[in-house]
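Taking it in order: structure first as C-alpha cells, then the write-up.
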Protein chains: 2
Amino acid sequence: MAKTKANRPKARLPRGFADRTPAEIRRTAAMMDTIRDVYERWGFEPVETPFIEYADALGKFLPDEDRPNEGVFAFQDDDEQWLSLRYDLTAPLARMVAENFDRTPKPYKSYRAGWVFRNEKPGPGRFRQFMQFDADIVGAASPLADAEICMMAADTMEALGFARGEYAIRVNSRKVLDGLLSEIGLEADDPRRLTVLRAIDKADKFPLPEIAKLLGPGREDESGDFTKGAGLDEAQTAKVLSLLDPTADRRISDDLAAIGEIVARCGYDSVIVDPSVVRGLEYYTGAVFEAELTFEIKDDNGRPMRFGSVGGGGRYDGLVGRFRGEDVPATGFSVGVSRLAAALAARETAAETGSGPVIVTVMDREAVPQYQKLTTELRAALNADGAKVPVEMYIGDSGMKAQLKYADRRNAPCVVIQGSNEREAGKVQIKDLAAGKRAAEEIDNREDWVAARPAQVEVDADIASIAAAIRNILQ
Amino acid sequence: MAKTKANRPKARLPRGFADRTPAEIRRTAAMMDTIRDVYERWGFEPVETPFIEYADALGKFLPDEDRPNEGVFAFQDDDEQWLSLRYDLTAPLARMVAENFDRTPKPYKSYRAGWVFRNEKPGPGRFRQFMQFDADIVGAASPLADAEICMMAADTMEALGFARGEYAIRVNSRKVLDGLLSEIGLEADDPRRLTVLRAIDKADKFPLPEIAKLLGPGREDESGDFTKGAGLDEAQTAKVLSLLDPTADRRISDDLAAIGEIVARCGYDSVIVDPSVVRGLEYYTGAVFEAELTFEIKDDNGRPMRFGSVGGGGRYDGLVGRFRGEDVPATGFSVGVSRLAAALAARETAAETGSGPVIVTVMDREAVPQYQKLTTELRAALNADGAKVPVEMYIGDSGMKAQLKYADRRNAPCVVIQGSNEREAGKVQIKDLAAGKRAAEEIDNREDWVAARPAQVEVDADIASIAAAIRNILQ
C-alpha cells in the first residue's frame, strides 16, 4: 500500500477538534459519575437523543448567528431534507418531549450528557465539538422547578468538591430585562431586544464603556471588525447599564422573588439573585441561571483571574411549544463538561496519572509460550476479588532495553523478568520501577548498583509467590 | 410563540435514528463498564478521537459502497475541504497514531467506545447511528497480538456472563483467501477480489447457491434489484465455495496456525479457527475475527435462530501506513454495542426496571415550604453513607389523585403524605406503592380497604423516623 508522498493523505485533524488523552477521559468520566449521582438522587432519569435532527426541528437559537445554517453543521439527506448536527441538548429534548407528549409523565425530569457541535471559528479553548451535561424539567410552570434546578446545581458543585464560597449559582429572570426594555420603548417584537441581550451577556468579557458601545452605535474590536450596536440613545443606554451596577436600585420580578425565597428557605445561600445574568440564547423566557467558580486562577500571563462560568441555563417555555402551538413550561441547566473538568484539573495538587500495567518481559523468544502462560495466570491471580491490576506480556519485537523503556513509558509499576538461568532455578526477578528511579538518584556508581540490586527481588516462579511480591510493590 | 399549524415544525426524527430510554442507557452503561474493566486488566488504555475528520483522512473502506461520499455523512468546511462524520473508530485511530507516531509507545494498546454514523438505507434493527467499543494494538506484527485480541474478546464475553459454549471467537486470515484467489488466477490488484470477499461475507445471510450467483454472473433479489457478480467461471466458483464447506480439506496460513497454537496453549478453547470468516471491510490484511453468540433465540416469526455476530475485527497493517508510505502493523476488535446489549436483554429473565424516586406529595399548597424542607432533609438522610435513593417533591400543579398517578408512572417505591391533620398531630403517612398494588388485587371492597389501610404507615414527622420507615419499605 506504499504511496508516493504526493498521493498520501495527511494525518491531521480539522481545526477546532481534538483527540482525548487517557488522563482527560478518566478525569471526565469520574466527574460525570459524580454529577449523575446527584441528578439521580433528585429524581431525574437518563434519556438521550441522537446526534442528528431535522434542521427545522432544532430551530435557530444560537447566539451571534442569525443567518440560516450558520453556526451549525448541516447537510442534506437523500430526500433533500436538511439535517443538522445538534448544537445543544435542549432543542433535541424539546423535539423528543413534543413527539411523545401524551405518554410522558409530567413534570418530566430527565438528564443527559453528550457531545454537541458548533460550526464556528475555533480559538484557544474554543472547540467545534464539546460536551454538555444537562438536566431539565418539562411540564412545571412553578418557580419551584427553577429553584430546584438551581439547588441541584449547587449540590453538584459541592459533590465535586467545591466549597461554599468557591462557587455561586447566580439567578435572574428575563422578565426583569423585559420590563426595563418596555419602559425604554422597546416592545416585545422589537429586533433590538436581542442585540441588547447579547450586549449585556458580554459584561463578563468587556468593561462597561465597551458594553455601552454595543448598546449604542456599535463597537470596533482590536482587529478592526465592527459589531453593529442596538442603536439606543444615551438615556436608554444608561438605564440598561444600571442593571449591571451593583449600587443601583435592584429590580426584581415576581418569579425571581419566589426563587429567592425558596432557595433561602432551603438553606442554599450559594444561590444568589443577580440582575446582570442574561445568558446569550434567545429561547429563554423567564429565569436564567449561571454557575460560576469564584476562586482565582492565573491567566496565560500569570495574572490572577476568576475561573468564571462552568454552566448555565434557564426557563424555555416556548421551545416544546414550537411544535404544539401552545407554550409548555420547561426549565433546565447545562454543565460545560470540558470547562468544569479544566477547573477540577486546575485545583488538583498533583495530576492523577494512574498506574500502568504490570509487564511480563520477553527475555528469550523461545520461551514465549511460558511467558504467556505466566501472564494469563498472573492476570487471573492479581484481578481476583474485584481488584483491578492491568497485566500484559510484551508483544513487540525489541530487546530488553527497549522493553524496559516501553514499561517506563507505559507507567508500569513493575516488570517481571525470567531469563534461562532463573527458569532453570525456578525463579523470577521482579523489578520495582518507581523504587528503581528513586534508587538511581541516590546510587551513582555501577558497582554499588550491581551489588545492591536495588528495587529488584527474586522470588519463586509459582504464581502465588509472584502475585504476592507484586501486591507488595503496588501497596 | 404560538404558531399556526402550517407554520409549526413537525416533532419527528430522521429515519434511522432513535431516542434512548432510561433502561437502555443504564443497561448499556453497565455492560460497557464490564468491557472496560476487562480491557484495562489486559493493559489497554482509553483514548478517543473526535466525531469529525477530513474525508481523505478516513478514506473509503465501507462495504458495498464504492462511490465517493456514499455511505458516510459528509459536508464542506468553510475552506471548502470535505469533512466526514466517522463511520467507524478504526480509521480515526489510524489517523491519530500516524499524526503522533514518534511520541507513541509501541506496541500501542488502546480502547475507545463511541458513536459512529453510516449514511445508508435504514431498516429494522439497522440504524444510521450506532455505538462501537474498540480495542486495538498498533506496532506489533506478531500473531501474539492477534491472539491477544481474540483471548481478550473471549474474556469479555465471559465477563458479560456468556459461558463457554454460548459464544465463539472465530478467527481466520485473509492470507488463506489470498492464496486461493492467486491459485484461481485473481492477482493482488484484481478488482474482482473485493467482490469475491463480499460474496463470502454474506454466507451467514444466504444459502450457498445464492453465494455462487454472487461469485459468478450476479444475483437478483426478491425486490428485483440486481447485484453484479464477480464473473468467476464454474471451476473458480467451486474452489471459492470449498472454503465454506466444513467437510473440505482445511486451508490454513502460517499466521493462522500460530494464532491457533497460542490460544490453545493458553486454554482459550472458545477461540476457533474457521476458514469461512472474511469480514466485509476492505482494509484487513491478515487475521480476521468474528465474535458470535451461538445460543438460540426466536426470530420475528417465532422460529429458532442463532443470535449471531456481536463484533469482529482483524489486522489492518496498511491503515496507519496510508499516511506514512510504509506499512505499520496493527490489529483490533470492535464490539457492536447495541447488538450485544440486545443479546444481554434477550437473556435477562426479567427486565431490570430500577426503582424510581421517593415522592413527597403536596397536599396543601400553603405548606410547600414545609414539604420542601422535608424533601431536602430526607434526601440528605437517605443518601448518607454512599446510599443512592432518589427523593423529590412533586412540583406540578395537579391534585392528589394525579400526584399518585405520577408516582406510579415514575415507578416510585413510596410516597410521603402530610395533610393539615397529620401536620397538627406531628405525623406523616407513608404509602408503599408496590405493596399497595398487591393488596388491591386481594381486597375488592372499599370498607375493608379503609379499615385495613394496607401498605400505609403513619410515623412521627421527624426525619429519622420517616427515613427509617422508607428504608424499611425499600428493603
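Order of the sequence lines sets the chain letters (A, B, ...), proteins ahead of strands, with each chain counted from 1.
- Under the 3.5 Å distance criterion, the side-chain polar atoms of B:Arg12 are left unmatched by any main-chain donor or acceptor of A:Ala57.
- Contact annotation for A:Val391: both backbone and side-chain heavy atoms come within less than 4.5 Å of a heavy atom of chain B.
- To the nearest 0.5 Å, atom CG of residue B:Asp19 and atom CE of residue A:Met96 are 5.5 Å apart.
- Note that the OG1 atom of A:Thr375 and the CH2 atom of B:Trp42 stand 8.5 Å from one another [nearest 0.5 Å].
- For A:Arg112, no part lies near chain B; criterion is any non-hydrogen pair under 4.5 Å.
- Between chain B and the residues A:Gln129, A:Glu377, A:Lys10, the largest count of heavy-atom pairs under 4.5 Å involves A:Gln129.
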For side chain to side chain contact (heavy atoms under 4.5 Å, CB included), just list the numbers for B:Asp78 and A:Arg15, CA-CA rounded to whole Å, side-chain angles, deciding distance to a tenth of an Å, and then say yes or no.
-> CA-CA 11 Å; B:Asp78 50 14; A:Arg15 285 168 309 123; 3.2 Å; yes

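- The backbone N or O of A:Ala11 lies less than 3.5 Å from no partner atom in the side chain of B:Arg322, so there is not a single donor-acceptor pair.
- Checking side-chain atoms of A:Arg41 against main-chain N and O of B:Ala387 turns up a donor-acceptor pair under 3.5 Å.
- Under the 30°/60° scheme for interplanar angles, the aromatic rings of A:Phe117 and B:Phe51 are found to stand perpendicular.
- Interface residue A:Lys106: only backbone heavy atoms are found under 4.5 Å from chain B.
- A donor-acceptor distance shorter than 3.5 angstrom exists from the side chain of A:Tyr406 to the backbone of B:Pro107, with no hydrogens or angles considered.
- Counting heavy-atom pairs closer than 4.5 Å to chain B, the top residue among A:Leu13, A:Val368, A:Asp56 is A:Leu13.
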Residue pair B:Glu24, A:Glu48: steps toward the side chain to side chain contact (heavy atoms under 4.5 Å, CB included) verdict = CA-CA 10 Å; B:Glu24 193 182 341; A:Glu48 290 176 12; over 6 Å; no

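- The distance from atom CZ of A:Phe17 to atom CD of B:Glu53, rounded to the nearest 0.5 Å, is 9.0 Å.
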Please walk me through it: do A:Phe73 and B:Leu83 pass side chain to side chain contact (heavy atoms under 4.5 Å, CB included)?
-> CA-CA 10 Å; A:Phe73 289 100; B:Leu83 305 176; 4.3 Å; yes

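- Of all the listed residues (A:Lys388, A:Glu45, A:Gln81, A:Lys373), the one sharing the greatest number of non-hydrogen pairs under 4.5 Å with chain B is A:Lys388.
- Using a 4.5 Å cut-off between heavy atoms, A:Glu261 does not touch chain B at all.
- Rounded to the nearest 0.5 Å, atoms CD1 (B:Ile52) and CG (A:Asn119) are 8.0 Å apart.
- Interatomic distance, A:Arg26 CZ to B:Glu40 CD, rounded to the nearest 0.5 Å: 4.5 Å.
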Taking it one step at a time, do A:Arg128 and B:Asp77 satisfy side chain to side chain contact (heavy atoms under 4.5 Å, CB included)?
-> CA-CA 12 Å; A:Arg128 297 206 282 176; B:Asp77 205 354; 2.9 Å; yes

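- Considering OG1 of A:Thr376 and CG of B:Asp155, their distance stands at 8.5 Å, rounded to 0.5 Å.
- At least one donor-acceptor pair under 3.5 Å links the side chain of A:Arg410 to the backbone N or O of B:Gly43.
- With a 4.5 Å cut-off on non-hydrogen atoms, A:Ile359 does not touch chain B at all.
- Most heavy-atom pairs under 4.5 Å with chain B: of the set A:Phe75, A:Phe323, A:Tyr39, this distinction falls to A:Phe323.
- Taking A:Ala18, A:Ala98, A:Ala141, A:Ser398 one by one and counting their heavy-atom pairs under 4.5 Å with chain B, the maximum is reached by A:Ala18.
- With chain B as partner, the option from A:Met393, A:Lys121, A:Lys109, A:Lys405 having the largest number of non-hydrogen pairs under 4.5 angstrom is A:Lys109.
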